[in-house]
2 protein chains.
Amino acid sequence: MIERGLRERKKADTRAALADAALRLAAERGWEHVTVEAIAGAADVSYRTFFNHFSSKEEALLEPGGPDQPRLSTRLRAQPADREPLTALRTAIREDLAAASADPEQLRTRMTVFTSTPALLPRLLETIATDERDLALAVAERTGQDVDADLGPALVGAVVSAALRVSLMRWHAQGGATPLTDLADEALDTLVAGLPSAVPSH
Amino acid sequence: MIERGLRERKKADTRAALADAALRLAAERGWEHVTVEAIAGAADVSYRTFFNHFSSKEEALLEPGGPDQPRLSTRLRAQPADREPLTALRTAIREDLAAASADPEQLRTRMTVFTSTPALLPRLLETIATDERDLALAVAERTGQDVDADLGPALVGAVVSAALRVSLMRWHAQGGATPLTDLADEALDTLVAGLPSAVPSH
DNA sequence: CCGCTCGTTGCACACCGTGCAAGATTGCCC
DNA sequence: GGGCAATCTTGCACGGTGTGCAACGAGCGG
């Protein structure tokens, strides 16, 4: 958050302007009808400058805040070490979702753009799953397991990501009626109880 | 499997030749150093013909068999209706993995290509997760739940996909030492028992 | 004030993916 | 067998993405 000079501030500004323009134009015209040239033009920079900030057109939507935005795994590592592993994970997840829900309107717009562009939705899910391995590492650190030998941490990472994805999709489908954190809590409760609790036996 | 004529046979042949060439060249040079022109040349067809069979370069790797290859959800639907939901799911999963393991050498090559190309790995995972919603629908049909109202089916679909992904990654990392079906069984056992069984409490 | 650093810009280029139209091959019916 | 229709293949042109390179200019430090 420390401003180290006019230079870095302007750089962050143009990046934000590009990300905002990308999201706005995508909401207006649909993602595939938005060219990089249009995004750059709306942000008052050149075409070439766009790729000085983002390595691909999609990155402007997927990582508007840069690579140093807080991730789930870092939140988990910040939890007190004496806390029960699953409790610490729940808390970290709540913090992460609360941060994501800070600007519900923007989150809604993003979700609308993603869900209305078939080629783009998987990329969002991929982004959520990017920390999967990192999350597995953080879990293994906390439990003292070996992330390569023990199946547990990798499974927890993948499964938690999956649960968050489902919660996010459901939240958007409901129009935000239920708070995102509540939906995620329900999903995690189900997973803690085991798969049979998700489907009725006959 | 019915040959309806010389025409469709030749079409399937060229598609297979293109898919094979794509995988072979990717294993030799690395995926990003393989152009569509090179793939087409190796299969003795023109550049333009490639896109008559695949809508993108990646599709030649991801869906070599065409869009009508059997999916997990169809295998689940083929299970007897009186079988316990989770049992039916396990059986369908075993069939699916057995089919994928039919040619272990090719599977190994594919995984090597995917894991050595950062931009490609998520696409494989995405492909696995493509049936997620369809799988959720099949689960809901079997259990009589509502896929939009009940969280269960969507959660099961996402979580099972995640477990399969983790199993596949682990299988490849181990060099195929443990059969893929065994790894998946272990992961699913853990999920059935609930998340706490994945991580030790202190 | 002067040099250094770094963001910006333009230009050229390789590659992906698509629409269109012409040519070649197969299937089918007379 | 001959010819017609369907369809696969091919070439061509074009828009768009993403990159390397070199020049320019604005902030930063001495």
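Naming convention: chains lettered A, B, ... in sequence-line order (proteins, then strands); numbering from 1 in each chain.
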Once you round it to whole Å, what is the distance between [atom2] of [N] and [atom1] of [X]?
X	N	atom1	atom2	value
Phe51(A)	dT17(D)	CZ	P	7 Å
Trp31(A)	dT17(D)	CH2	C1'	12 Å
Glu37(B)	dG17(C)	CD	P	14 Å
Ile39(A)	dG18(D)	CD1	C1'	14 Å
Glu32(B)	dC15(C)	CD	P	13 Å
Lys57(B)	dT17(D)	NZ	P	18 Å
Arg48(A)	dC13(C)	CZ	P	15 Å
Leu25(B)	dC15(C)	CG	P	14 Å

Under-3.5 Å donor-acceptor pair between Tyr47(B) side chain and dG17(C) base: yes
On the nucleotide [N], are OP1 or OP2 found under 4.0 Å from the side-chain N or O atoms that [X] carries?
X	N	answer
Lys10(A)	dG27(D)	yes
Lys11(A)	dC6(C)	no
His53(B)	dT9(D)	yes
Thr14(B)	dT9(D)	yes
Thr49(B)	dT9(D)	no

Pair Arg77(A) + Asp134(A): basic N to acidic O under 4.0 Å: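 Asp134(A) and Arg77(A): salt-bridged.
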Nearest atoms (heavy-atom pairs only) where Arg24(A) meets Ala42(A): NH2-CB, 3.9 Å
Sugar-phosphate only, base, or nothing, as touched by His33(A) at under 4.0 Å among non-hydrogen atoms: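 No contact.
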CA sep, side-chain torsions, deciding dist, call: Glu105(A), Arg108(A), salt bridge (Lys or Arg N to Asp or Glu O under 4.0 Å): CA-CA 5 Å; Glu105(A) 192 49 41; Arg108(A) 216 183 62 83; 3.7 Å; yes
Gln106(A) vs Arg110(A), side chain to side chain contact (heavy atoms under 4.5 Å, CB included): CA-CA, chis, key distance, verdict: CA-CA 6 Å; Gln106(A) 179 178 341; Arg110(A) 289 165 65 86; 3.9 Å; yes
Candidates dT9(C), dA26(D), dT17(D) - which lies nearest the side chain of Thr35(A):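 Looking only at heavy atoms from C-beta outward on Thr35(A), the closest nucleotide is dT17(D).
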Gln174(A) atom CD, over 12 foreign heavy atoms within 6.0 Å: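 Counting neighbours around CD of Gln174(A), more than 12 heavy atoms of other residues, nucleotides or ligands fall under 6.0 Å, so yes.
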